[in-house]
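Please read all numbers here as calculations on a predicted model, not as lab measurements. Below, each value reflects all heavy atoms present in this structure, side chains not excepted, and no hydrogens, waters or symmetry copies. Chain A is the first sequence line, chain B the second, and so forth, proteins listed ahead of strands; every chain is numbered from 1.
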Amino acid sequence: HGFPPPPAPTQAHRADLPPQKVNEEAPELGGEGHERAQPQQTLRPHHPDDPGTAGPGAPAAQLRQPPGGSPPPPGGGTGAPSGRKGCREGHGAGGSESHPRRGESPAEPGAGGQAWAARGGPHGRGVAPTASRRLRAETGRDSVEWEGRSLLKALIKKAALGGEQVHILGCEVSEEEFRAGFDSSVNSRLVYYDLFRDPLNWAQTGEALPGGPLGALQAMCERTDPGPVTVALDSLSWLLLRLPCAALCQALCAMSRRHACRGGSLAAEQLCVLGLLHRELHGPGPMGALSSLAQTEVTLSGTAGQASAHILCRRPRQRPTLETLWFSVLPDLSLDLQGGPPLESQPHPDPHTPQVDPASHLTFNLHLSKREREAKDSLTLPFQFSSEKQQALLRPGPGPATSRIFYEPDTFDDLDPEDPDGDLDV
Amino acid sequence: KCPGRLADYASAYVHRRIPGGPGKLTLLCDANTDGSFLVHHFLSFYLKANCKVCFVALIQSFSHYNIVGQKLGVSLTVARECGQLVFLEGLKSSVDVFFRAQAEPHPLQFLREANAENLQPLYEFVREALKPVDDGEAAWRCPVLLVDDLSVLLSLGMGAVAVLDFIHYCRATVCWERKGNIVALVHDSGDTEDEENNILLNGLSHQSHLILRAEGLATGFCRDVHGQLRILWRTPSQPTTQRDQSLTYQYKIQDKSVSFFAKGMSPAVL
């Protein structure tokens with residue numbers, strides 16, 4: 001696969017997207033998605049002074065920015081004090097977009113209305129470039145029920161259409177299956193490293209990627225040209241099961257470092273790593289390690305057939321934000337975001353089963369009248385230890401307070417004290 | 001009441017509905033019950049469909065499967081003799097491992113090695129068994145690998161990743177290269193402490209296109225309803241439109257078939 005032509009200098013640079021780790025919930029097999037609703041964290045309250053996503057000209061941390069716009073003065077103007085950059089808030093977004101991530105900056109041609117990774121303006125200017133060894137990794141965590149590969153493919157398509165190089169390390173499905181659904185323009189931009197056919201070199205044909213999975217990962221770093229590039233790992237789980245976690249994390253960091261060295265100061269922010277993780281497969285240790293590397297985690301779950309993504313962003317020097325979006329991936333692998341925090345994230349009763357009163361259609365009457373209900377409530381049960389009973393027991397009553405048995409033996413009774421069961425005919 | 005032979009329906013449904021045709025991994029899973037009836041079903045299903053079947057049978061003897069197969073209408077002996085069925089009888093050949101010269105590769109070689117790292121010999125056996133034969137004879141339809149079951153490999157000392165690698169290579173060869181199908185049974189002990197089994201089960205689930213899960217009833221044993229079958233369709237790479245992806249039926253195993261019915265609709269209680 002030839003390398004895609006170097007992208008023409010566009011005004012749209014990759015926004016400072018925190019690495020995303022998409023964590024899907026881990027439902028058991030066949031369980032309904034809505035039973036596993038993630039706990040919803042409340043979003044930060046919209047600070048009245050914070051203009052939030054006020055539209056073009058918003059602070060640099062905004063994902064959207066008009067190209068060529070002058071960099072906002074740090075900390076002044078529309079920019080809220082650092083740490084309060086409202087770009088992640090789902091509400092309060094001004095302008096035409098209801099969501100900061102949605103929509104494109106006006107000058108970006110040809111981009112769909114629903115950019116997952118909105119292209120911001122030249123965010124690097126005016127803001128001290130983070131000496132970023134920090135990996136711009138985005139990981140998607142999926143589960144058996146809510147699979148994440150289609151989301152990964154949708155993100156790849158977005159990146160490819162945006163003119164970036166896209167390198168894919170494919171471990172879990174064949175190259176044909178992965179490329180299915182992409183049209184030819186996207187497919188020609190994808191550089192695919194196939195670890196599916198013979199990852200462990202069992203066939204000994206010499207075609208396998210040398211060095212095994214780790215070698216393949218390292219080889220990917222070597223071959224990325226400077227410039228905006230997206231690396232997709234399908235899947236991180238596959239790698240994590242076969243490589244020590246530390247080695248994998250180091251390889252991911254090295255990828256970012258090498259890319260930074262090659263491309264200059266801005267290059268580090270131009271590498272985006274997308275990783276797919278199956279969250280039932282790993283313990284908290286490796287998941288936590290990858291979490292710490294990732295700036296964004298997207299957890300996929302769903303309710304009643306509708307997939308949702310819980311996005312946790314951890315940007316450097318900012319508070320982490322959590323938001324939830326409904327989304328669906330269309331058959332042409334475009335992403336359809338359906339906005340805001342869901343109202344029904346709690347398991348709700350199945351709308352198909354109406355509440356039925358079991359006592360309604362019977363041939364006998366199960367309902368109680370008012371008087372009957374009162375009588376029932378005031379009834380004391382024989383073995384209930386009430387205060388009256390307590391008094392009765394404490395009071396040394398007259399003899400006949402205890403019950404007595406009067407027994408008149410009849411002619412056939414033969415009471416033998418030694419064999420009390422002697423009269424039984426067994 | 002649903003018609004019987006639902007697993008047939010499910011398989012046929014899968015083959016029709018998932019684009020690209022065969023080349024699918026079906027995962028059979030049982031929890032608190034015995035899911036081997038699904039194995040017998042798929043064995044007879046694929047033999048009747050004129051597919052070439054490689055059956056890695058680690059749990060029961062050949063005669064056991066043969067007897068059940070005869071009830072379902074196939075003769076394993078005939079199939080084996082005419083080359084349609086390649087049968088690895090784990091119980092018998094595991095003993096052979098110890099009486100062979102060590103240099104000769106054997107599919108169950110890992111039993112002999114103290115630190116068997118992978119199941120490559122077993123994979124080579126499968127690959128050889130399902131090799132396309134082009135000598136002009138009656139060609140069988142798509143190759144099928146059937147494994148009963150994978151959890152026992154964990155008990156025999158292999159790690160979950162080794163078993164996943166084995167299935168990975170089988171998928172690459174059988175599903176992708178030869179456009180065949182794989183059906184494998186994994187037990188779900190329900191024991192959250194059995195990490196290896198959970199990794200195996202979840203790892204395979206993520207790669208499967210169809211998951212059939214037989215569960216015992218939550219309320220315990222019942223004479224008329226033997227269990228519950230959950231069917232989950234997955235499309236690991238394609239975007240899923242909103243539709244019913246999961247179905248649940250209850251079943252009763254009879255002498256020669258299994259009857260399925262919707263929950264609570266067993267004829268015994270209606």
Side-chain angles (χ1 to χ4, degrees), chain A residues 26 28-33 142-154 171-181 194-204 234-235 237-238 240-242 276 278-283 302 304-307 328-336, chain B residues 19-20 23 27 29 31 117-121 123-124 127 159-162 164-166 168-169 171-173 175-177 186 188 190 192 195 198-208 211-213 215 228-248:
Chain A
E28 282 139 25
L29 212 56
E32 277 83 25
D142 70 355
S143 68
V144 174
E145 274 223 334
W146 300 99
E147 58 90 23
R149 189 165 292 116
S150 51
L151 179 62
L152 183 70
K153 287 168 77 164
C171 315
E172 289 195 343
V173 295
S174 65
E175 183 174 351
E176 289 163 357
E177 195 176 336
F178 195 87
R179 285 182 182 269
D194 188 4
L195 261 192
F196 173 73
R197 281 193 61 182
D198 192 4
L200 308 172
N201 201 18
W202 283 5
Q204 303 276 333
D234 177 21
S235 64
S237 282
W238 194 96
L240 199 52
L241 283 178
R242 287 154 183 90
L276 184 63
H278 307 304
R279 61 174 184 263
E280 303 104 331
L281 291 180
H282 310 289
Q306 179 64 36
S328 57
V329 180
L330 304 173
D332 66 346
L333 293 177
S334 55
L335 199 54
D336 180 25
Chain B
L27 180 66
C29 165
E117 292 195 354
N118 58 38
L119 289 164
Q120 186 174 356
Y123 160 69
E124 301 287 348
R127 194 169 64 118
V161 180
L164 285 175
D165 283 340
F166 163 67
H168 179 112
Y169 269 89
R171 273 176 57 223
T173 304
C175 291
W176 177 67
E177 207 177 300
V186 178
D188 183 6
T192 48
E195 291 180 11
N198 289 336
I199 291 176
L200 177 63
L201 183 59
N202 289 320
L204 284 180
S205 303
H206 275 282
Q207 301 170 10
S208 311
I211 302 176
L212 296 175
R213 185 177 162 95
E215 301 170 338
Q228 176 167 291
L229 186 71
R230 278 176 161 174
I231 308 173
L232 179 66
W233 282 276
R234 297 186 73 244
T235 49
S237 307
Q238 306 302 322
T240 52
T241 52
Q242 186 169 351
R243 58 160 196 260
D244 276 335
Q245 290 179 293
S246 159
L247 287 178
T248 304

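- For B:Glu124, the part lying under 4.5 angstrom from a heavy atom of chain A is the side chain only.
- Residues B:Trp176 and A:Glu177 have side chains that never bring a donor and an acceptor to within less than 3.5 angstrom of each other.
- The two residues A:Leu195 and B:His168 have their closest heavy-atom pair at O-NE2, 3.9 Å.
- Rounded to the nearest 0.5 angstrom, A:His278 NE2 and B:Ile199 CD1 are separated by 13.0 Å.
- Between chain A and the options B:Leu119, B:Thr173, B:Thr248, B:Asn198, heavy-atom pairs under 4.5 Å are most frequent for B:Leu119.
- Taking 4.5 Å as the limit, some side-chain heavy atom of B:Val161 sits within range of a side-chain heavy atom of A:Arg242.
- Atom NE2 of residue B:His206 and atom OG of residue A:Ser237 lie 6.5 Å apart, to the nearest 0.5 angstrom.
- Proximity of B:Asn118 to A:Leu200: side-chain heavy atoms (C-beta onward) are nowhere separated by under 4.5 Å.
- At a 4.5 Å heavy-atom cutoff, A:Asp234 makes no contact with chain B through either its backbone or its side chain.
- Note that CH2 of A:Trp202 and OH of B:Tyr123 are 8.0 Å apart. Values are rounded to the nearest 0.5 Å.
- With a 4.5 Å cut-off on non-hydrogen atoms, B:Asp188 does not touch chain A at all.
- When the side-chain hydrogen bond (donor to acceptor under 3.5 Å, both in side chains) test is applied to B:Arg171, the partners found at least two apart in sequence or on another chain are B:Gln207.
- For chain A, no part of B:Leu200 is nearby; none of its heavy atoms comes within less than 4.5 Å.
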